[in-house]
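In each ligand, atom 1 is the first atom listed, and ligand 1 is the first ligand listed. Computed from heavy atoms alone, side chains included, the values below leave out hydrogens, waters and symmetry copies.
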Amino acid sequence: MSGEDSNRSDDERRVALVTGATRGIGAAIARRLASDGHRVIGTATSTQGAAQISAALAGMGEGMVMRVEDEASVADAYREIEDRYEMPLVIVNNAGVTRDNLLLRMKAEDWQTVVQTNLSSLYLVIKPALRHMMKARWGRIINLSSVVARMGNPGQSNYVASKAGIEGFTRSLAQEIASRGITVNAVAPGFIETDMTAQLEESQVQQMRERIPVGRLGSVEDIAHAVSFLASDGAGYVTGETLQINGGLYMG
Ligand SMILES: NC(=O)c1ccc[n+]([C@@H]2O[C@H](COP(=O)([O-])OP(=O)(O)OC[C@H]3O[C@@H](n4cnc5c(N)ncnc54)[C@H](OP(=O)(O)O)[C@@H]3O)[C@@H](O)[C@H]2O)c1
């Protein structure tokens, strides 16, 4: 365990909600926040995925079903969280999808799915928990963006629009609630080794590696470490920021 949170008693441990915690970056963030001493609720789109999260967290939290683009599903999960724990003081909006194509060939459905899952979900997931954070005069909201939000990426206009939207949303909400002790930040990973990047050809991965000054792809722990910092008491003076974690791939 690390940090001030690990010294808290069971009742004092903060509830941290991590969306999309079945695998990849979200699973690493859930593990990390649990080892920091949070009671972690990790979400999945299926009951099987939720059970997998509970097993992985081994008593340090549990998995629940929440489809982040679906208002009723978000409300159901929050009802369960409030009944059994309390509303979260830490929210990590990590769930995300891609449906890549050139705009000329992109189906309207692929645009909608990406924007609703990655961006509109922030409205649905954050809003119900805000009052609780305001009452506690403490909160941490961390949104997963991507390096492509600033770089752009052909074939990903839907995804890039959603991630650039997340960064603007982050700056605006941060200004609305900073005086209540609630910080809102984004984390923008570069090229991280996960299922999402495993879909790429080896030659594409090699090309990417050559463009990264640090000389390697990022690990999920690189991202979890940054989220752990932003969720801590010590990060109370950091808000509205987007932290780039990309091995130097983009420094703008
Ligand atoms: N990997 C990278 O290199 C990279 C780079 C930049 C940014 N990011 C961002 O980092 C975040 C995590 O990426 P990742 O690579 O770890 O993704 P991943 O391995 O594809 O996992 C995606 C997660 O999101 C969940 N999810 C998908 N659709 C959902 C929905 N409609 N409602 C709720 N949850 C849903 C999935 O749950 P199920 O398993 O139940 O489907 C899964 O837990 C994303 O926001 C991504 O855009 C990743």
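The local environment of CZ in Arg209 is crowded, with over 12 non-hydrogen atoms from other residues, nucleotides or ligands closer than 6.0 Å.
Distances from ligand 1 to the non-hydrogen atoms of Val97 include at least one value under 4.0 Å. Contact annotation: Thr43 has no heavy atom less than 4.0 Å from any atom of ligand 1.
Between Gln116 atom CD and Asn158 atom CG the span is 12.0 Å, to the nearest 0.5 Å. Atom-to-atom distance recorded for Phe191:CZ and Leu249:CG is 9.0 Å, nearest 0.5 angstrom. Rounded to the nearest 0.5 angstrom, Ser232 OG and His38 NE2 are separated by 8.5 Å.
With hydrogens and angles disregarded, a donor-acceptor distance shorter than 3.5 Å links the side chain of Thr19 to the backbone of Ala95. Looking at Thr170, its side chain never comes within 3.5 Å of a backbone N or O of Val184 through a donor-acceptor pair. In this structure, Arg137 contributes its side chain and Gly181 its backbone to no donor-acceptor pair below 3.5 Å.
For ligand 1, the atoms sitting less than 4.0 Å from at least one non-hydrogen atom of Gly190 are 3 (O), 5 (C), 6 (C), numbered in the order shown with element in parentheses. In the vicinity of Thr194, heavy-atom distances shorter than 4.0 Å reach the ligand 1 atoms 1 (N), 15 (O), 16 (O). The atoms of ligand 1 that sit less than 4.0 Å from any heavy atom of Arg23 are 18 (P), 19 (O), 20 (O), 21 (O), 36 (C), 38 (P), 39 (O), 41 (O), 42 (C).
At under 3.5 Å, a nitrogen or oxygen of Lys163, whether backbone or side chain, sits near a nitrogen or oxygen of ligand 1. Considering backbone and side-chain atoms together, Ile192 places an N or O closer than 3.5 Å to an N or O of ligand 1.
With Asn94, Ile25, Val65 as candidates, the residue nearest to atom 11 (C) of ligand 1 on a non-hydrogen basis is Asn94. Looking at Ser121, Gly218, Gly96, Gly24, it is Gly96 that brings a heavy atom closest to atom 22 (C) of ligand 1. Closest heavy-atom approach to atom 24 (O) of ligand 1 within the set Ser145, Ser146, Ala95: this belongs to Ala95. Comparing heavy-atom distances from atom 32 (N) of ligand 1 across Val68, Ile166, Thr98 singles out Val68 as nearest. Considering each of Met66, Met208, Glu69, the one bringing a non-hydrogen atom nearest atom 31 (N) of ligand 1 is Glu69.
Arg79 is linked by a salt bridge (charged side-chain N to carboxylate O under 4.0 Å, His left out) to Asp76, counting only residues two or more places apart in sequence or in another chain.
Proximity of Ala21 to ligand 1, defined as any heavy-atom pair under 4.0 Å, is confined to the backbone N, CA, C and O atoms. Of the heavy atoms in Thr45, both backbone and side-chain atoms come closer than 4.0 Å to ligand 1.
With no hydrogens or angles considered, a side-chain donor-acceptor pair links Gln206 and Glu210 at under 3.5 Å.
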